[in-house]
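Letters go in sequence order (proteins before strands), and every chain restarts at 1.
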Amino acid sequence: MGTRWQSLPLQLPPHVLAELLDGGQAFRWNQKALGCWIGIWSSHVLELKQHPDSLQIHWRALTPQTTAEDVHDYFAFDLDFPQLTDELPWRSDPVLKTAIGRYPGLRILRQPLAETLIGFICSSAKRIPQIKQCLENLARAFGTPLTPEYHALPTWEQLASASENDLRACALGYRAKYIHQSAHFLADHPGFLEQISNLSDAQAHQHLLRLPGVGSKIADCVLLFGAHRLAAFPVDTWIAKSMRALYGLPHAKLADIAHFGHIHFGPAAGLAQQFIFSSAKTPAKPPPPNSQKP
DNA sequence: GCACAGGTAGATT
DNA sequence: AATCTACCTGTG
């Protein structure tokens, strides 16, 4: 294809790049070989390559219309994540400090809202590989082809033309009903997703709750990853479990933890959540052997 | 065979 | 208003 490799203004340790692309924010990145990724969003298919000896990342598009601006927008280079991270209360919070230390450079992607909504409606009680499989099935069944190999996710309009059984055939299980009902809800409410940009965080959250299959957690994921509302603080079982333990809140309910997160972490609480979520999945490092015992 | 997964909705207390 | 359950499907 025509496009050449270009440099991405982003340097990350390989495990942080993997977490960014494949840690639960996005569900359409696959590692083809060591340090080589292919991802799809909107009508873009992007290849990423990280040289084994350096942290430098290069990209090239497999779709001819993809521009550097599209890529920079997706990775949200207009935002200063080092600055946002430094403004988190890590100086007074050893849990957060440890989490940031484990995933230096982690950021929040700016994904298309409609696609993010599909992904997270499919996410309930599923692991990441299964979610990815569902979206792959949906793309192949209902999405527009972008290259011989890759399809876009379907639009909500395309999903509305599918029957619930068609959707079940994509291994969605009971989530097929949610996708089906939400597709028809969106067809009946033109501009519903576009309205979100005019709403406050709290209003946008309430707005999304009207969609079938969207509860508090998924609404926050959609806001954080699909609307770039960095204050949104999704509380899932992982975050809940680890925060109860790490912050001494043994009896806190999900809503309590969400409230604590907003108060404690502030306007970029969602970024803090991403560090803690990623870190929580990493088993604690065993204490180093005490080589010089007195 | 059976519990459990980045939850939600509807029923039941 | 606060718990309890059913819901698909793949994985251990």
Side-chain angles (χ1 to χ4, degrees), chain A residues 18-30 99 102-103 106 108-109 111 115-138 140-141 159 162-186 205-227 229 232-246 249-261 265 269-283:
Chain A
E19 183 65 23
L20 174 65
L21 301 176
D22 202 16
Q25 289 193 46
F27 301 112
R28 299 211 71 199
W29 285 93
N30 287 300
R102 286 182 175 185
Y103 288 89
L106 193 60
I108 305 292
L109 300 171
Q111 302 181 73
E115 296 190 351
T116 309
L117 179 60
I118 298 171
F120 282 96
I121 289 179
C122 292
S123 76
S124 78
K126 270 188 182 296
R127 310 208 182 150
I128 292 171
Q130 291 181 54
I131 303 166
K132 290 169 70 173
Q133 186 60 59
C134 286
L135 296 184
E136 185 61 35
N137 295 342
L138 286 175
R140 233 170 254 293
L159 287 170
S163 71
E164 187 183 323
N165 273 349
D166 291 339
L167 297 167
R168 280 186 181 260
C170 294
L172 297 197
Y174 61 82
R175 304 154 198 85
K177 184 164 70 176
Y178 297 152
I179 293 285
H180 186 71
Q181 292 178 342
S182 280
H184 287 274
F185 180 94
L186 290 173
H205 183 94
Q206 291 303 119
H207 193 69
L208 285 168
L209 291 185
R210 296 177 61 194
L211 289 161
V214 177
S216 194
K217 187 269 181 184
I218 291 180
D220 282 332
C221 285
V222 171
L223 286 175
L224 179 58
F225 303 126
R229 299 290 183 109
F233 193 81
V235 179
D236 54 64
T237 52
W238 287 77
I239 281 288
K241 187 179 167 191
S242 63
M243 284 186 62
R244 284 187 190 113
L246 297 170
L249 310 163
H251 304 299
K253 290 169 290 184
L254 298 184
D256 300 330
I257 294 171
H259 181 70
F260 175 87
F265 296 119
L271 180 60
Q273 185 269 2
Q274 204 56 26
F275 280 111
I276 293 175
F277 175 71
S278 300
S279 181
K281 293 188 294 187
T282 312

Notebook entry, point to check: Just wondering, are more than 12 heavy atoms of other shown residues or ligands nearer than 6.0 Å to NE2 in H259(A)?
Noted result: no
Check: Do any N or O atoms from the side chain of S279(A) and from the backbone of I276(A) form a donor-acceptor pair under 3.5 angstrom?
Finding: no
Next item on the list: For dA3(B) versus dA6(C), give the span between their C1' atoms, rounded off to a whole number of Å.
Entry: 15 Å
Item checked: Salt bridge flag under 4.0 Å for residues K281(A) and E19(A) -> yes
Notebook entry, point to check: Are F225(A) and I108(A) side-chain neighbours, meaning at least one heavy-atom pair lies under 4.5 Å?
Noted result: yes
Note to self: Under a 3.5 Å threshold, yes or no: a donor from one side chain and an acceptor from the other, between Y103(A) and T282(A)?
What the structure shows: yes
Item checked: Heavy-atom side-chain proximity of I179(A) to L172(A) below 4.5 angstrom -> yes
Checklist line | Carboxylate-amine/guanidinium contact K132(A) E136(A), below 4.0 Å | finding: no
Check: Could you spell out the base pairing of DNA chain B in dot-bracket, with Watson-Crick or G-U pairs whose two distances are under 3.5 Å, [ ] crossing and | to another strand?
Finding: .||||.|||||||
Note to self: Can you build the contact string for nucleotides 7-12 of chain C? Use B for base contact, S for sugar-phosphate-only contact, and - for no protein heavy atom under 4.0 Å.
What the structure shows: BBBS--
Next item on the list: Using the P atoms only, state how far dA11(B) lies from dC8(C), rounded to an integer number of Å.
Entry: 15 Å
Margin query: Taking L135(A)'s backbone N and O only, do any of them form a donor-acceptor pair with R28(A)'s side chain (distance below 3.5 Å, no angle check)?
Written below: no
Next item on the list: Extract, from 5' to 3' on DNA chain B, the first and final nucleotides lying under 4.0 angstrom from some heavy atom of chain A.
Entry: dA5(B) to dA9(B)
Checklist line | Residue mapping more 5' on DNA chain B - nearest nucleotide basis, P212(A) or F27(A) | finding: F27(A)
Next item on the list: Using the side chain to side chain contact (heavy atoms under 4.5 Å, CB included) rule, pick out the option among L254(A), I239(A), T237(A), D236(A) that qualifies with K217(A).
Entry: D236(A)
Item checked: Residue met sooner reading DNA chain B from 5', once F277(A) and L209(A) are mapped to nucleotides -> F277(A)
Check: What nucleic acid atoms does Q273(A) come within less than 4.0 Å of, heavy atoms only: base, sugar-phosphate, or nothing?
Finding: base
Notebook entry, point to check: Quick one: does Q274(A)'s side chain have a donor or acceptor within less than 3.5 Å of a partner on L106(A)'s backbone?
Noted result: no
